[in-house]
Amino acid sequence: MNFEEMIEAMSPDIYESLKRAVELGKWPNGVKLTQEQREQSLRAVIAYEHTRNMSEEQRVGYIDRSRKDGSKHGSDPLQPDVLKILNG
């Protein structure tokens with residue numbers, strides 16, 4: 001089974017378990033994840049979310065920048081910065 005087949009066959013329970021393991025840095029039995037296991041598990045979680053077309057709000061790493069009034073606060077780190085040059 002290759003990586004893509006594994007992602008297609010992954011159940012929601014396995015996805016949640018991997019996501020939790022990455023978050024805590026350990027498996028459900030308490031054994032610490034190695035750096036490689038953490039990287040591969042995060043890669044699998046992201047691939048699962050991508051193949052299931054999960055909304056942005058449901059994905060790992062989502063930061064809610066909305067205020068209660070519906071406006072946004074903070075800047076989007078993926079948007080280019082605008083520089084203003086002032087001539088004195």
Side-chain angles (χ1 to χ4, degrees):
M1 179 180 283
N2 65 28
F3 185 78
E4 289 78 22
E5 292 170 338
M6 181 190 75
I7 298 304
E8 287 296 325
M10 188 185 300
S11 70
D13 288 338
I14 297 295
Y15 160 76
E16 289 295 334
S17 180
L18 283 175
K19 190 167 76 167
R20 185 75 171 163
V22 170
E23 180 181 346
L24 298 176
K26 61 183 178 179
W27 296 114
N29 65 2
V31 175
K32 186 177 177 182
L33 272 73
T34 65
Q35 184 63 32
E36 183 179 357
Q37 288 172 329
R38 196 171 205 166
E39 290 170 6
Q40 291 298 321
S41 296
L42 181 56
R43 183 174 168 229
V45 166
I46 292 169
Y48 179 92
E49 293 172 348
H50 179 72
T51 59
R52 302 300 191 285
N53 294 319
M54 294 175 79
S55 69
E56 184 179 277
E57 295 84 15
Q58 294 176 306
R59 295 183 196 158
V60 167
Y62 173 74
I63 299 173
D64 185 5
R65 297 186 185 279
S66 59
R67 293 183 177 163
K68 291 182 183 192
D69 65 2
S71 64
K72 299 279 184 181
H73 61 85
S75 61
D76 184 348
L78 300 178
Q79 295 298 318
D81 289 330
V82 176
L83 298 177
K84 293 182 182 178
I85 299 174
L86 303 174
N87 291 329

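Only a predicted model underlies this, so the values are computations on that prediction, with no experimental measurement involved. In this chain, numbering begins with 1 at the start of the sequence shown.
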> Same hydrophobic cluster for V45 and L24, using side-chain heavy-atom links shorter than 4.5 Å among ILVMFWY?
Replying inline: no
> Do you know which two heavy atoms are closest between M6 and A44, and how far apart they sit?
Replying inline: CE-CB, 4.3 Å
> Passes side chain to side chain contact (heavy atoms under 4.5 Å, CB included), V22 versus L18? Steps please.
Replying inline: CA-CA 6 Å; V22 170; L18 283 175; 5.5 Å; no
> What is the minimum heavy-atom distance between Q58 and E49, and which atoms define it?
Replying inline: O-OE2, 4.0 Å
>> Run Q40 and Q37 through side chain to side chain contact (heavy atoms under 4.5 Å, CB included) and show every step you take.
In response: CA-CA 5 Å; Q40 291 298 321; Q37 288 172 329; 6.0 Å; no
> Closest heavy-atom contact between A9 and M1?
Replying inline: CB-CE, 4.5 Å
>> If you apply the rule side chain to side chain contact (heavy atoms under 4.5 Å, CB included), what do you find for R52 with Y15, and how did you get there?
In response: CA-CA 11 Å; R52 302 300 191 285; Y15 160 76; over 6 Å; no
> Quick one: CD on E8 to OH on Y48, what's the gap to the nearest 0.5 Å?
Replying inline: 10.0 Å
> Rounded to the nearest 0.5 Å, how far apart are CD1 of I7 and CG of N2?
Replying inline: 10.0 Å
> Do you know the tightest heavy-atom contact between S41 and L33?
Replying inline: OG-CD2, 4.3 Å
> Going through the distances and angles, do T51 and M10 end up as a side chain to side chain contact (heavy atoms under 4.5 Å, CB included)?
Replying inline: CA-CA 11 Å; T51 59; M10 188 185 300; over 6 Å; no
> Quick one: CD1 on I46 to CE on M54, what's the gap to the nearest 0.5 Å?
Replying inline: 12.0 Å
